[in-house]
Asks: 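One structure coming up, written as structure tokens, with questions to follow.
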Amino acid sequence: MRSRPLAYAGLLLGGALAVVASAQPWWRAVGEGIAVRFSGTEVTGGLSQALAVVVLAGALLSLALRARGRRLLGGLLALAGVGLVLVGAVRSRPSAETVRTQVRTVSLADQFALVATVWPALYLAAGVLVLAGAAVMASRAPRWASRADRYRRAAEPAHAVAA
């Protein structure tokens with residue numbers, strides 16, 4: 001398989017999965033008749049969603065860059081992928097005060113349990129996809145044709161200019 005579609009597939013699928021996973025509940029406070037959800041965006045203070053948007057924007061930006069720019073951008077997107085992996089692996093918990101406040105808005109119950117969901121693991125998997133796509137981009141970008149090359153005039157032979 002060619003490297004360009006592979007890199008873009010990793011970046012776009014990973015970025016889209018990260019956007020979806022960051023909006024889903026990462027933690028649930030469950031108890032007597034209550035179920036309060038805390039999304040990845042709430043738990044991480046918006047970092048999870050920001051990293052996902054950076055990856056998608058970077059994938060779009062790479063379409064306009066030449067080889068050196070794509071190589072540099074591939075390295076930066078690899079750092080974003082590492083960030084995605086770390087945020088997914090850490091599984092930040094909401095603060096006790098935040099949980100208590102959210103539970104009190106729904107119910108007067110004091111007994112509840114904070115339960116993790118599968119979404120941080122999917123966010124981590126999205127980070128691995130982004131990391132793989134960025135690594136392919138950084139290593140193979142010089143071999144890809146640039147969009148700007150389409151509009152460049154072909155060099156005229158030297159003997160035609162002299163005539």
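Hydrogens, waters and symmetry mates play no part in the numbers below; they use all other heavy atoms, side chains included.
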Asks: Between W119 and L84, is there a shared hydrophobic cluster once you connect ILVMFWY residues whose side-chain heavy atoms come closer than 4.5 Å?
Replies: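 They do share one cluster, since a chain of ILVMFWY contacts under 4.5 Å joins W119 to L84.
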Asks: Not counting sequence neighbours, list each pair that qualifies as a side-chain hydrogen bond (donor to acceptor under 3.5 Å, both in side chains) and has a residue in residues 12-31.
Replies: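 Residue pairs passing side-chain hydrogen bond (donor to acceptor under 3.5 Å, both in side chains), neighbours aside: none found.
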Asks: Looking only at heavy atoms, which two atoms of G127 and V85 are closest? And how far apart?
Replies: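 In terms of heavy atoms, the two residues are closest at C-CG2, 3.6 Å.
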Asks: Decide whether V20 and V43 are clustered together by the hydrophobic rule: side chain heavy atoms of Ile, Leu, Val, Met, Phe, Trp, Tyr closer than 4.5 Å, transitively.
Replies: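 The answer is yes; both residues are in one hydrophobic cluster.
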Asks: Quick one: which residue pairs count as a side-chain hydrogen bond (donor to acceptor under 3.5 Å, both in side chains) with a foot in residues 43-52, not counting sequence neighbours?
Replies: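 Sorted pair list: T44-S48.
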Asks: With hydrophobic residues grouped by side-chain heavy-atom distances under 4.5 Å, do V53 and V87 end up in a single group?
Replies: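 No; tracing contacts between hydrophobic side chains, which count when under 4.5 Å, never links both residues.
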Asks: Start with the C-alpha gap between Y123 and L51, add the side-chain angles, then the distance that decides, and say whether side-chain contact (heavy atoms from CB on, under 4.5 Å) holds.
Replies: CA-CA 11 Å; Y123 190 82; L51 285 171; 3.8 Å; yes
Asks: I want to check something: taking the side chain as every heavy atom from C-beta on, are R70 and R140 in contact at a cut-off of under 4.5 Å?
Replies: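 SC-SC contact between R70 and R140 ruled out.
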Asks: Where is the tightest heavy-atom contact between G74 and A134, given as atom of each residue plus distance?
Replies: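 Looks like O-CB, 3.4 Å.
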Asks: What is the distance from atom CG of L60 to atom CG of L65, rounded to the nearest 0.5 Å?
Replies: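 So the gap between those two atoms works out to 10.5 Å.
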Asks: Treat each ILVMFWY residue as a node, draw an edge where side-chain heavy atoms are under 4.5 Å apart, and state whether V118 and L124 are in one component.
Replies: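 V118 and L124: separate clusters.
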Asks: Between R37 and P25, which heavy-atom pair has the shortest distance, and what is it?
Replies: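 So the two residues come closest at CB-CB, 3.8 Å.
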Asks: Of all residues at least two apart in sequence or in a different chain, which pass the side-chain hydrogen bond (donor to acceptor under 3.5 Å, both in side chains) check with S62?
Replies: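 side-chain hydrogen bond (donor to acceptor under 3.5 Å, both in side chains) list for S62, sorted by chain: Y8.
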Asks: Within this structure, what is the CG-CG distance for the pair L56 and L61, rounded to the nearest 0.5 Å?
Replies: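 CG of L61 is found 12.5 Å from CG of L56.
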Asks: How close do L77 and V54 get, counting heavy atoms only, and between which atoms?
Replies: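 Looks like CD2-O, 4.0 Å.
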Asks: As a test of understanding, state which of L12, L13, V55 forms a side chain to side chain contact (heavy atoms under 4.5 Å, CB included) with V130.
Replies: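 Of L12, L13, V55, side chain to side chain contact (heavy atoms under 4.5 Å, CB included) with V130 is met by V55 alone.
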Asks: Using every non-hydrogen atom in the two residues, find where R93 and L114 come nearest and quote the distance to one decimal.
Replies: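 Minimum heavy-atom separation between R93 and L114: NH2-CD2, 3.3 Å.
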Asks: OG/S95 to CZ/F38 distance, rounded to the nearest 0.5 angstrom?
Replies: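 Rounded to the nearest 0.5 Å, the OG-CZ separation comes out at 8.5 Å.
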Asks: What heavy-atom pair brings A23 and S39 nearest, and what distance separates the two atoms?
Replies: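 Here A23 and S39 meet closest at O-CB, 3.6 Å.
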